[in-house]
Amino acid sequence: MKSFKGWSLVAFTLTILLIVSGCSDSASGDSTRETGDKSGRGSGNGKDTLVIGLDDDPPQLDPHLSSTAVDRQVLHSLFDKLVDIDEEMNIVPKLAKDWDISDDNQTYTFYLQEGVVFHDGTPFNAEAVKFNFDRMLDPAMGSPRYGEVAQVEQVNVIDEFTVEVQLKTPFSPFLGDLTDRAGMMLSPTAVKEAGEGFSRHPVGTGSYQFVERELQSHIKVTRFDDYWGEPAIIKDVLYKPYTDENIRLTNLISGDVDMITVVGFKDIKKIEGNSAVKLSAKEGRGFLGLHLNPAKAPFNNKDFREAINIAIDRQAITNVVYHGAALPAVSAFPPASWAHNPSLEVPKGDLTKAKSLLEKSGIKDPSFTIKVKPVETDKQMAEMVQSMLQEIGVTVNVEMQEIGSLLSSAIAGDYEALYLGWDGRTDPDGSVSRFFMSNGYNNYAKVNNPEIDKLLTDARVSLDQEERKKIYQRFSEVVFDEANYIFLVHIDENKAMKTNVNGFIHYPDGMIRPDRIYFD
C-alpha cells in the first residue's frame, strides 16, 4: 500500500516561480510578493466582517455544477474537501485524515475525520462521501465534475468513517482532482430537500455557513460554530461583485472592501505605491487564449488557424495589456510546471509567414468575431488582436457578453472565436483533458483528435512523472500544430488587501481561504 505522503511528494509537487511585474524572470525562492505593512497580529479593530470584492457575480454555488473561478472563491468558505493542497502544492489531509492506495493504484481507501457535521446538522460520514460521488457520476446530473471522477468504478462504504473508491484503471490525477470542487462534500439532506435549488442555499461542512444572497449585490456567510476544525477568526464574510476593476480598486482603497480577488494589471504599481493597501502575487498556473471553432468557417480551415496563431505577438499583449505581470504562452503549461515543453517557441508575430498561410488557405476577405467578457483586459486583448490581424488582411469584430452568456455560447458552440482561459489545476491533466479530449466537458469546439486522446489517456494511466512529462510535451506540440486553441498568456495571480488585513495565505490555486484572516 502507498501512503498519501509519498504520493503527494512524487506526483503533485510543482515549483512556483516568482514573476515580478515589469521585470524579467526572477530567480527561484519565496514565490509570494507582499508590499505594505507587515505587522503581526494585534488585538484587532473590533470589526467582525471581512468584505471581499469579487471580479464577477458567481453564477453557481453548487460545487458539482460550478464551472467558473469566481464561484470557487465563495465555495472555499462553505465546503471542505476530502483533501487539499498546502503552500508548496503538496496534497494534504482535510475531511480525509489519511488514505491508502492499493498496489495496482486502482483502489483508494479514505479514513475520514470523525465528529464532523454539515451546516444543517447532517453527520458527515462514509455514506455522505458515497452520495457525493454518486451525484457527480449521475449522467442525468450533467455535472462539470463528471470528467474528474469518470474513472470511478464504484464507491464502497467500509464502515462509518472508512470509504473505498475503486477506479476502472489507474488514474494518476485522481487525488489532484479532489483538491478542487470534485472533493467538496455537500450535505445529502440539503441536496435531497432542495433539488435543483441547492445552489440558492448551499450546505457544506466548511468553517463558514451560508446566510443570504442578493444577485449582483452580495453573498453573506457566517462562522459555523460547530465546525470540526479550528474555528474561523472573523465572524462574517461578505462577498461583493465588481466587474469594473476601477470601481473594485476604488472600493478597496477608500471604500468598505477589505480584499479583492482580482487586481487590474494596470493597477499593480498603484497598489505597490499606496501605504493603505498591500499586494500579494504568485505566478499563475493557468492560461488565457482564444478558442477557435473548427466547426465554423473560417476556422474549419487549418491553414487559416495557423495563420492566426503565428500572426499574434504574445509579448506585445503581455507588455501592453498585462503590464508585464504575465508570460507569453505557447501551451497550457507555464515554465514553472513540470509538464512545460521548453522546446516550443512562442510566436513573435510573423506577419510574412502568416500572410503566406492565409494565401494558402484560399479564403478571400476573411473575417470573424471574438466574443469576450466586458472587462478592460479582455477588451484590450481583443483590440490588440484586431489590430495585429488587420495587418494580414483579416477583419476582426469584437462582441462582449457577460460570463454566464459567454459560457452558454461556448457550450452551445455558438461562436467563431471566444476568449476564455483556465486557472490551472494541481495535476496537469486537470488543465488540459477537459478542453482537448474528444469527450472533454469543456471541449467547446468538439475537437476530435485521436492522437490527443491517446496522449492524454496514456498520461492519466502512467504513474511515472518523467514519462508523463514526455507525454505532455508531445501533447503541447500537437495542440500547437492543430491551433484550435491559441494560447496567449500565463498571468500572475494577484491579490490586494488593506494593510490591516493579516493572516492571508496565498495558496498556489489562487483561492482565498478566509478562516485564518484577521484584522490588526
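Worth knowing before you read on, the calculation uses all heavy atoms, side chains too, and leaves out hydrogens, waters and symmetry mates.
- Across Val117 and Asp226, no two heavy atoms sit closer than the pair CG2-O, 4.1 Å.
- Between Arg248 and Asp244 no salt bridge is recorded (no basic side-chain N to carboxylate O distance below 4.0 Å).
- Rounded to the nearest 0.5 angstrom, Ile85 CD1 and Thr426 OG1 are separated by 5.0 Å.
- Proximity of a side-chain donor or acceptor of Ser172 to a complementary backbone N or O of Arg460 within less than 3.5 Å is detected.
- With ring centers used as reference points, His490 lies 6.0 Å or more from Phe287.
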* Chi angles and distances behind the side chain to side chain contact (heavy atoms under 4.5 Å, CB included) call for Met497, Lys278 -> CA-CA 6 Å; Met497 61 210 77; Lys278 56 187 177 181; 3.6 Å; yes
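- We find the OH-OG distance between Tyr415 and Ser409 to be 10.0 Å, quoted to the nearest 0.5 Å.
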* **CA sep, side-chain torsions, deciding dist, call: Ile268, Asn494, side chain to side chain contact (heavy atoms under 4.5 Å, CB included)** => CA-CA 9 Å; Ile268 290 175; Asn494 298 299; 3.7 Å; yes
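- Using a 4.5 Å cut-off on side-chain heavy atoms (C-beta onward), Ile52 and Val257 make no contact.
- Here OG1 of Thr49 is found 8.5 Å from CD1 of Ile234. Values are rounded to the nearest 0.5 Å.
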* Derivation and outcome, side chain to side chain contact (heavy atoms under 4.5 Å, CB included), residues Trp338 and Tyr472 -> CA-CA 9 Å; Trp338 56 262; Tyr472 285 127; 4.0 Å; yes
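- Note that CG of Asp56 is 8.0 Å distant from NZ of Lys373, once rounded to the nearest 0.5 Å.
- Within 6.0 Å of atom OH in Tyr146, 12 or fewer heavy atoms from other residues, nucleotides or ligands are found, so the atom counts as exposed in its surroundings.
- When Val385, Val330, Leu290 are each tested for a side chain to side chain contact (heavy atoms under 4.5 Å, CB included) with Ile486, only one passes: Leu290.
- In the model, Arg181 has a side-chain atom that pairs as donor or acceptor with a side-chain atom of Ser66 under 3.5 Å.
- Pro173 and Asp429 get closest at one heavy-atom pair: CG-CB, 3.4 Å.
- For the 3.5 Å distance criterion, the side chains of Thr179 and Asp84 fail to qualify, holding no donor opposite an acceptor.
- At least one side-chain heavy atom of Val129 sits under 4.5 Å from a side-chain heavy atom of Phe124.
- Residue Asp423 is tested with Arg285, Arg72, Lys282 for a salt bridge (Lys or Arg N to Asp or Glu O under 4.0 Å); the sole match is Arg72.
- Residues Met184 and Asn132 come closest through the heavy atom pair O-OD1, 3.7 Å.
- For Tyr208 and Tyr227, the ring centers are positioned 6.0 Å apart or more.
- Ring orientation note: the planes of Tyr444 and His291 are nearly perpendicular, at an angle over 60° on the 30°/60° scale.
- Ring to ring, Tyr239 and His218 are not that close: their centroids are 6.0 angstrom or more apart.
- Here the side chains of Glu283 and Leu327 are in contact, with some heavy-atom distance below 4.5 Å.
- Not one N or O on the side chain of Lys379 forms a donor-acceptor pair closer than 3.5 Å with the backbone of Met400.
- Taking a cutoff of 4.0 Å between a charged side-chain nitrogen and a carboxylate oxygen, Asp180 and Arg425 qualify as a salt bridge.
- No side-chain N or O of Trp422 forms a donor-acceptor pair with one of Asn442 less than 3.5 Å apart.
- Shortest non-hydrogen contact noted between Met89 and Pro508 is SD-CB, 3.3 Å.
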* Asked: Yes or no on side-chain hydrogen bond (donor to acceptor under 3.5 Å, both in side chains) for His506 and Glu87, after CA distance, side-chain angles and deciding distance?
  -> CA-CA 7 Å; His506 203 151; Glu87 294 174 76; over 6 Å; no
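- Judged by distance alone, the side chains of Thr189 and Asp120 never bring a donor and an acceptor atom under 3.5 Å apart.
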* Assess whether side-chain hydrogen bond (donor to acceptor under 3.5 Å, both in side chains) is satisfied between Lys266 and Asn246, documenting all intermediate values. => CA-CA 10 Å; Lys266 64 180 177 55; Asn246 297 314; 2.5 Å; yes
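- Phe79 and Phe198 have tilted rings, their planes meeting at an angle from 30° to 60° on a 0 to 90° scale.
- For the pair Val116 and Pro123, the minimum side-chain heavy-atom distance is 4.5 Å or more.
- Counting only residues at least two apart or in different chains, salt bridge (Lys or Arg N to Asp or Glu O under 4.0 Å) contacts with residues 501-510 comprise Asp509-Arg513.
- Judged purely by distance below 3.5 Å, without hydrogens or angles, the side chains of Ser207 and Asp515 never pair a donor atom with an acceptor atom.
- Aromatic rings of Tyr111 and Phe161 (six-membered ring for Trp) have centroids beyond the 6.0 Å cut-off, not under it.
- Contact check for Phe487 versus Ser476: no side-chain heavy atoms found under the 4.5 Å cut-off.
- Remark: Arg200 CZ is loosely packed, at most 12 non-hydrogen atoms of other residues, nucleotides or ligands lying under 6.0 Å away.
- Expressed to the nearest 0.5 Å, how far NZ of Lys240 lies from CG of Asp258 amounts to 10.0 Å.
- If you check the side chains of Gln60 and Thr68, you find no donor sitting under 3.5 Å from an acceptor.
- The distance from atom CE of Met136 to atom NE2 of His64, rounded to the nearest 0.5 Å, is 4.0 Å.
- Checking each of Phe171, Phe174, Phe133 against Tyr108 for a ring-ring contact (aromatic ring centres under 6.0 Å, His included) leaves exactly one that passes, namely Phe174.
- With salt bridges taken as basic N to acidic carboxylate O contacts below 4.0 Å, one links Arg135 and Asp62.
- For the pair Ile491 and Phe265, the minimum side-chain heavy-atom distance is below 4.5 Å.
- Lys130 has no carboxylate O lying under 4.0 Å from a charged side-chain N of Glu127, or vice versa, which leaves the two without a salt bridge.
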* Go through the steps to decide whether Val262 and Leu54 satisfy the test side chain to side chain contact (heavy atoms under 4.5 Å, CB included), and finish with yes or no. => CA-CA 7 Å; Val262 178; Leu54 305 173; over 6 Å; no
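- Note on Lys220 versus Glu214: no salt bridge recorded, every NZ/NE/NH1/NH2 to OD/OE distance being 4.0 Å or above.
- Of all heavy-atom pairs between Gly413 and Asn293, the closest is O-ND2, 3.1 Å.
- With 3.5 Å as the limit, one finds a donor-acceptor pair spanning the side chains of His76 and Lys81.
- The two residues Lys47 and Asp256 make their nearest non-hydrogen contact at NZ-O, 4.3 Å.
- Glu272 has a carboxylate O that lies under 4.0 Å from a charged side-chain N of Lys269, or vice versa, which qualifies the two as a salt bridge.
- Of the possible polar contacts, one joining the Asn251 side chain to the Ile247 backbone as a donor-acceptor pair under 3.5 Å is found.
- Between Leu50 and Phe519, some side-chain heavy-atom pair lies under the 4.5 Å cut-off.
- Counting heavy atoms from C-beta outward, Trp228 and Leu95 have side chains that approach closer than 4.5 Å.
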